[in-house]
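When reading the values below, keep in mind they use all heavy atoms of this one structure, side chains included, and skip hydrogens, waters and symmetry mates. Chain identifiers are assigned alphabetically (A, B, ...) following the order of the sequence lines, protein sequences preceding nucleic acid strands; residue numbering begins at 1 within each chain.
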Protein chains: 2
Amino acid sequence: MRPPLKFAVIGIDHNHIYGMINGLIGEGAEFTGWATSAETPLSQCQRFGESYPDVPMVEPDALLDDASVQLIVSAAINDQRAGIAIAAMQAGKDAFVDKPGCTTLSELEAIRECVNATGRKWVVCFSERLQVESVTLADQLIREGRIGKVVQTVGLGPHRHNPSLRANWFWQRLRYGGILTDICAHQFDQFLHFTGSTQASVVTAHIGNVANPDRPDFQDFGEVLLEGNGGRGYARVDWLTPDGLPTWGDGRMTILGTHGTIELRKYIDIAGRPGKDHVFLADQKGVEHFEATGAGLPFFGKFYTDIIERTEVAMTQAHAFLATQLALQAQAKAESQQ
Amino acid sequence: MRPPLKFAVIGIDHNHIYGMINGLIGEGAEFTGWATSAETPLSQCQRFGESYPDVPMVEPDALLDDASVQLIVSAAINDQRAGIAIAAMQAGKDAFVDKPGCTTLSELEAIRECVNATGRKWVVCFSERLQVESVTLADQLIREGRIGKVVQTVGLGPHRHNPSLRANWFWQRLRYGGILTDICAHQFDQFLHFTGSTQASVVTAHIGNVANPDRPDFQDFGEVLLEGNGGRGYARVDWLTPDGLPTWGDGRMTILGTHGTIELRKYIDIAGRPGKDHVFLADQKGVEHFEATGAGLPFFGKFYTDIIERTEVAMTQAHAFLATQLALQAQAKAESQQ
């Protein structure tokens, strides 16, 4: 029997909140209450309330004051996440925030100081790794030595921007943080993870608006080249997924090793096999396709334990900081060259 | 009835020579004679001679002195190609050379001066575009407007290095020219072609030796980020194709447009459909797979005409120069950061 873990939610502005909550509930954590900003559309609040009918909506302070709550989970508007995480940690709770964990380098510095001062955890939900079963399988193949030493990753992260469904903040640079801060956050995380890098820097970064001239503050294209102490990485992200693609994005991760390659077609094997989480391996012996559905998502179980045991198995604090720092540095670098 | 075109070969050191010759013969050109360096292995000469039993092997000067020969074709050792092309043009013939067209920027300058002085053509056989039917189909889909305006290309060009089959020059930096000069040449060509760029620069470039420590002069990894007046491009090349892959490399080209994407799986649909030249389109209407085999290779017919008519339909002189210049600049940039 696991020790109990009670969590509350502050900020439901991105749908990622469902995956974060359900991952914790799946491990037996107890969802005790939720709050969100006055900006969150009523329809979104209603849908959320109906999804968790037994969990009360209360004032955020009530959640922070509740000593039985150990963890605050947030998918608030991007520029509100730092403040919520800091308030949570100052109230003696760990913070589990949707990516991007924050939108400026000074916010990141404040979070770092708060972690150091409080001893609390700040963990970012990089869902394109932590909630993708093909990643679990790739990790296993790499551990088995199937591709030798990882030397590089290429990540392609197209997204559909669904303009009619988006709130105003989605289009405002200061609120969403820029494309490299926001959706490319996943790519920095995966690059560090697969190359095993604990130090890394941005070689070059670029952003653009190539297809949304009516939204001048929006960035629909971004790319970054990375150098780490475990390997190199390139990533491209965009908001250009065409309407005809049956998923929100043909997210791919190609992992190059000294003796083989792994390709993850995470969400679709385009015009090919049904389903998601397709893994393609080429190694010294041959070529193999794996269906990774069922490989499991070990993150949430480990994270639960990390909170209880004060360990760092699911994600090190240093990893959450470095992935976020790279994203913010890349964003700043790209914008300085505009 | 086409006007006659007679060509000769000087330098058969890379197997690409067969594709170059057969493309020309397929258009009705006449192959009149061949020569190669004293370094070319005898077995290679024998095999070549058996492939074209009616074509005599003669001294190179005899080919250059033969006024009936209009075109010299070369897949000599990389560092010999510039000299052969210049000699051909000075003898009043056009030059059609395997990539890389040359190995240093000063050679490129000499070629440029020779083209200007003689009015002859210097055309580089970028086979990963010119001899790939999936490219023909992609060109057609782009012309039809299926993906809107092209904004970026990502090219992955893994190669198998087959160490037991390679001559000494293959491992020597000064002779092969470096990995970005050599196999990445294809990528510069494709980037310019698909983005329609007529001006471009190297943002950043990198080379490494990650899996061949016993060959210190060899570069088995290279990458480059490009910016053009028609779009952006990233390319990664390597000599790390694992033995288990049934082809020499899982060459891919992803073309991102404002309204769709095209992916070319040129040589293999890994662990999937048989054959080569697979094209995947995602556009506003849906997702589609095309078998491009049979789409044709228009390059050689156009090139034949260009020689006769002195036009530039198959490839502009400026394109051959710019693609090669980018490769040499990228190589220099990467090596200066080593």
Most heavy-atom pairs under 4.5 angstrom with chain A, which of [options]?
options: B/Ile270, B/Thr241, B/Val154; answer: B/Ile270
options: B/Leu245, B/Asp250, B/Leu225, B/Ile147; answer: B/Leu225
options: B/Thr254, B/Asn212, B/Val151; answer: B/Val151

Options [options], ranked by heavy-atom pairs under 4.5 Å with chain B, top entry:
options: A/Arg273, A/His289, A/Lys149; result: A/Arg273
options: A/Val210, A/Leu156, A/Leu256; result: A/Leu256
options: A/His206, A/Lys285, A/Glu227; result: A/His206
options: A/Thr258, A/Asp283, A/Leu240; result: A/Asp283

Considering all heavy atoms of both residues, which atom of [X] and which atom of [Y] are nearest to each other, and what is their separation?
X: A/Ala330; Y: A/Leu180; result: O-CD1, 3.6 Å
X: A/Ser134; Y: A/Leu264; result: O-CD2, 3.7 Å
X: B/Thr181; Y: B/Thr103; result: CG2-CA, 4.2 Å

Say you draw a straight line from CZ of B/Phe188 to CD of B/Gln329; how long is it, rounded to the nearest 0.5 Å?
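The CZ atom of B/Phe188 sits 9.0 Å away from the CD atom of B/Gln329.
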
Counting only heavy atoms not in B/Asp214 (residues, nucleotides, ligands), do more than 12 fall under 6.0 Å from its CG?
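Enclosed: over 12 neighbouring heavy atoms sit under 6.0 Å from CG of B/Asp214.
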
Residue part contacting chain B, namely of [X], when any heavy atom lies under 4.5 Å:
X: A/Asp220; value: neither
X: A/His259; value: backbone
X: A/Gln284; value: both
X: A/Val203; value: side chain

Are the ring centres of B/Tyr234 and B/Phe191 closer than 6.0 Å?
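Not under 6.0 Å, so no.
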
Among B/His193, B/Gln190, B/Gln187, which residue satisfies the side chain to side chain donor-acceptor pair (under 3.5 Å) criterion with B/Arg129?
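Of B/His193, B/Gln190, B/Gln187, side chain to side chain donor-acceptor pair (under 3.5 Å) with B/Arg129 is met by B/His193 alone.
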
Under-4.0 Å salt bridge between B/Lys276 and B/Glu133:
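Between B/Glu133 and B/Lys276 there is no salt bridge, as every charged N stays at least 4.0 Å from the carboxylate O atoms.
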
Measuring heavy-atom distances to chain A, does B/Arg146 have an atom under 4.5 Å in its side chain, in its backbone, in both, or in neither?
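Contact with chain A: none, neither part.
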
